[in-house]
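Every chain is numbered from 1, with letters handed out A, B, ... down the list of sequences.
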Amino acid sequence: MANGSGGAAVLAAGVGAFVLGVLAVAADKSVAVKSALVFYRPTGQLSGVTTTAILIWLITWGVLEWRWRHKTVALRRINLTALVLLGLSLLLTFPPVADLL
Amino acid sequence: MEITTRGLWTLIHGMGFGGLYLLACSGALVELFLRFSAGEDGAISSKQVGFLKGYLIAMTVLAWLAVLTGAYVIYPWYRAVPAPGSPDLAAFPQRLLLSNPTTSGWHSIGMEWKEHVAWLAPISITMVTAVFSRYGREIRNHPQIRRAVICFTVVSFLAAGIAGFFGAMIDKHAPVEGGGAIHLVRGD
């Protein structure tokens, strides 16, 4: 069985997590981004940050799955990239780190 | 003995979905780490693969229910804004925390982190479930995929743990209460 599907899922999850972190910081720093990300007023910008990140994650996953499902991909590099993105997301969502940016 | 509607939702979100998810994480990690290692010689039956698949699907459902109830049911009550000059902030947990320098960090660090980091749990575990559903026992022959799946499960556990810890501490200092009262047991 080719490893492309696994690589697509892993990398897309890393991308989705990273986008979540970036959008959380962007909404915190920019009033325009903050108001643009209010999709549901009672929840505020959290609704837009999470919905957008989830959409980007799922679209990335779909595209990568379509391109890689029958292929054998360089998983070591993909794993490393995904884990770095995931780690950055953990850092970016931590308010004291976001405040330094 | 009674509980408010909002208190009940907080209980369902935190101790129900979130607490069960955290408990389930350790089981998934043990299964993935021990039974599906490349070096293991023991045969894996379809029943065992099916069980772990079902277990991961249940975890995925719990993780999504936890973040969705948190963001769309409880969070609006938490961040509600009182009328200007309102002296009683008990029904406005965010404002209550921010009104005192000894508790404001529970919002500015705790809630600000929790509300975002919690979403890494469902994203990670959905990926893990999808990959395991696709590869099943074949995951033994793909050590790189197995490693990624275990790392993401650990991060998912960590994210849920951070969210759970801050959720519990915030609720201790400024509980989300209100709505109708539900009588559980009548006292003497």
Side-chain angles (χ1 to χ4, degrees), chain A residues 1-21 23-25 27-28 39-47 49-51 53-54 57-58 61 65 69 72-83 86-87 89-99, chain B residues 64 67-68 70-81 94 105 107-139 141-152 154-156 158-159 162-163 166:
Chain A
M1 190 183 282
N3 66 11
S5 265
V10 170
L11 186 58
V15 169
F18 180 66
V19 170
L20 180 82
L23 287 176
V25 173
D28 190 44
F39 291 3
Y40 177 63
R41 193 164 293 281
T43 300
Q45 74 269 23
L46 180 65
S47 57
V49 168
T50 53
T51 305
I54 288 166
W57 162 48
L58 294 176
W61 191 355
E65 168 71 20
R69 64 189 155 170
T72 297
V73 294
L75 264 181
R76 189 181 292 270
R77 210 170 54 199
I78 287 169
N79 279 357
L80 187 65
T81 308
L83 289 173
L86 192 59
S89 175
L90 270 173
L91 282 176
L92 287 171
T93 55
F94 186 52
V97 171
D99 290 344
Chain B
W64 283 109
V67 293
L68 290 172
Y72 292 98
V73 179
I74 297 157
Y75 190 55
W77 293 327
Y78 170 82
R79 67 192 294 270
V81 179
Q94 183 194 53
H107 172 76
S108 59
I109 294 177
M111 180 53 90
E112 294 281 344
W113 197 15
K114 165 189 163 63
E115 72 187 31
H116 293 113
V117 82
W119 292 81
L120 299 185
I123 290 174
S124 298
I125 207 68
T126 301
M127 180 280 278
V128 169
T129 303
V131 169
F132 187 79
S133 299
R134 167 101 189 199
Y135 288 87
R137 77 189 81 185
E138 270 287 304
I139 211 163
N141 303 324
H142 295 278
Q144 292 284 351
I145 293 180
R146 187 179 142 269
R147 260 179 230 132
V149 156
I150 289 174
C151 285
F152 271 80
V154 169
V155 170
S156 167
L158 185 67
I162 292 167
F166 281 113

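- The contact between A:Asn79 and chain B is made entirely by side chain atoms (from C-beta outward), counting heavy-atom distances below 4.5 Å.
- Looking only at heavy-atom pairs under 4.5 Å with chain A, the residue among B:Tyr135, B:Tyr75, B:Tyr78 that has the most is B:Tyr135.
- Only the side chain of A:Leu20 comes within less than 4.5 Å of a heavy atom of chain B; its backbone N, CA, C and O stay farther away.
- The parts of A:Ala82 that come within reach of chain B are both its backbone and its side chain, each placing non-hydrogen atoms under 4.5 angstrom from that chain.
- Heavy atoms of A:Thr50 lying under 4.5 Å from chain B belong exclusively to its side chain.
- Residue contact with chain B, scored on non-hydrogen atoms closer than 4.5 Å, involves the side chain of A:Ile54 exclusively.
- Comparing A:Ser47, A:Ala8, A:Ala12, A:Gly21 by how many heavy-atom pairs each has under 4.5 Å with chain B, the most go to A:Ser47.
- The contact between A:Val10 and chain B is made by backbone and side chain atoms together, counting heavy-atom distances below 4.5 Å.
- How far CG of A:Asp99 is from CD1 of B:Ile109: 8.5 Å, rounded to the nearest 0.5 Å.
- Of all the listed residues (B:Ile139, B:Ile123, B:Val149), the one sharing the greatest number of non-hydrogen pairs under 4.5 Å with chain A is B:Ile123.
- Only the side chain of B:Arg79 comes within contact range of chain A, with at least one heavy atom under 4.5 Å from a heavy atom of that chain.
- Without hydrogens or angle criteria, A:Thr93 side chain to B:Val117 main chain gives no donor-acceptor distance under 3.5 Å.
- Residue contact with chain A, scored on non-hydrogen atoms closer than 4.5 Å, involves the backbone and the side chain of B:Glu112 alike.
- Contact annotation for B:Leu158: only side-chain heavy atoms (C-beta onward) come within less than 4.5 Å of a heavy atom of chain A.
- The contact between A:Phe94 and chain B is made by backbone and side chain atoms together, counting heavy-atom distances below 4.5 Å.
- For the pair B:His116 (side chain) and A:Leu23 (backbone), a donor-acceptor distance under 3.5 Å is absent.
- Both the backbone and the side chain of B:Thr126 come within contact range of chain A, judged by heavy atoms closer than 4.5 Å.
- Under the side chain to side chain donor-acceptor pair (under 3.5 Å) criterion, B:Trp77 pairs with no residue, sequence neighbours left out.
- Using modelled atom types, one side-chain atom of B:Thr129 and one backbone atom of B:Ile125 make a donor-acceptor pair closer than 3.5 Å.
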